[in-house]
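Have a look at the structure below before the remarks.
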Amino acid sequence: GGNLEFEVNANVDFEVSTSVDWIKQGVVTRGLESKPLYFLIEENTNDEPREGIITISSGELKQEIKVIQKRKIFFSLSKTEFYLTSNGGDFSIDVSTNGEYSITMPKVEWLTKNDNNATSQFMHTFSVAANEAYDTRETVIIFTEKEMFQTLMSFVTKKAVKILLP
């Protein structure tokens with residue numbers, strides 16, 4: 001949602017209407033030369049984009065302005081933390097979205113994407129190799145949906161493996 005403002009320059013009286021109820025005209029001022037028009041555009045809570053038309057008319061004269069509003073994007077990951085032993089293991093993440101997304105894997109040898117075990121295109125399985133060292137291992141998996149992104153953080157220690165989402 002948001003506000004839309006534009007100015008109409010006309011030398012005749014005119015009327016303004018909208019084709020949909022989610023575009024609401026704001027305060028209108030009186031005048032013939034230049035008239036600012038204000039509209040409140042309600043938030044699009046639908047999964048699909050929508051469009052409406054603002055019509056400015058005077059007698060036989062008519063001008064239409066098409067308003068196209070993007071769909072509401074949702075994007076989330078199913079879990080925020082995973083705990084594994086130092087023996088490693090597998091964990092799965094379900095992605096909830098109505099858009100396309102990508103996964104950027106870190107360049108580490110001990111974490112691999114293993115979608116062969118996934119039950120849907122929105123479920124992703126990852127395998128963590130055993131940690132034989134005493135040092136803590138840390139990396140990041142990035143899930144990206146156009147302008148939105150979420151990060152999956154992985155922390156691995158000798159005693160336990162912790163997978164954390166912000």
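Note that this is a predicted model, so its numbers are computed, not measured.
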Taking the side chain as every heavy atom from C-beta outward, state whether I54 and V16 have any pair of such atoms under 4.5 Å apart.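 Counting from C-beta outward, I54 and V16 do come under 4.5 Å.
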Any E15 side-chain heavy atom under 4.5 Å of S57 side chain: yes
More than 12 heavy atoms of other residues, nucleotides or ligands under 6.0 Å from NZ of K62: yes or no?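 Result for NZ/K62: open.
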Can you tell me how far the [atom1] atom of [X] sits from the [atom2] atom of [Y], to the nearest 0.5 Å?
{"X": "S86", "Y": "E132", "atom1": "OG", "atom2": "CD", "result": "7.5 Å"}
{"X": "F143", "Y": "T104", "atom1": "CZ", "atom2": "OG1", "result": "9.5 Å"}
{"X": "L37", "Y": "I65", "atom1": "CG", "atom2": "CD1", "result": "7.5 Å"}
{"X": "S92", "Y": "N114", "atom1": "OG", "atom2": "CG", "result": "9.0 Å"}
{"X": "N131", "Y": "W110", "atom1": "CG", "atom2": "CH2", "result": "8.0 Å"}

Donor-acceptor check, side chain of Q69 to backbone of E42, threshold 3.5 angstrom: yes or no?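 Yes; judged by distance alone, with no hydrogens or angles, the pair exists.
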Check: N46 main-chain N/O paired with N44 side-chain donor or acceptor under 3.5 Å: yes
On a heavy-atom basis, which atom in D21 and which in K24 lie closest, and how many Å separate them?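 Taking D21 first and K24 second, the nearest heavy atoms are O-NZ, 2.7 Å.
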Shortest non-hydrogen contact from R50 to E43?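 Closest approach of R50 to E43: NH2-O, 3.3 Å.
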Side chains of S127 and D90: do they bring a donor and an acceptor to under 3.5 Å?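 Yes - a donor-acceptor pair under 3.5 Å links their side chains.
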May I ask you to decide if the ring planes of F91 and F126 are parallel, tilted or perpendicular, using 30° and 60° as cut-offs? parallel
Tell me whether F122 is reachable from I141 by hopping between hydrophobic residues (I, L, V, M, F, W, Y) whose side-chain heavy atoms are closer than 4.5 Å.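 Shared cluster, yes.
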Shared hydrophobic cluster, Y101 / M105 (ILVMFWY, side-chain heavy atoms < 4.5 Å): yes
Of T18, I53, V20, I23, the residue whose pairing with V67 passes side-chain contact (heavy atoms from CB on, under 4.5 Å):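 Answer to the side-chain contact (heavy atoms from CB on, under 4.5 Å) test with V67 among T18, I53, V20, I23: I23.
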Before accepting this row, confirm whether a basic side-chain N of the pair K66/E64 lies closer than 4.0 Å to the acidic partner's carboxylate O.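 No, K66 and E64 are not salt-bridged.
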Go through the steps to decide whether H124 and I103 satisfy the test side chain to side chain contact (heavy atoms under 4.5 Å, CB included), and finish with yes or no. CA-CA 10 Å; H124 300 283; I103 300 173; 3.6 Å; yes
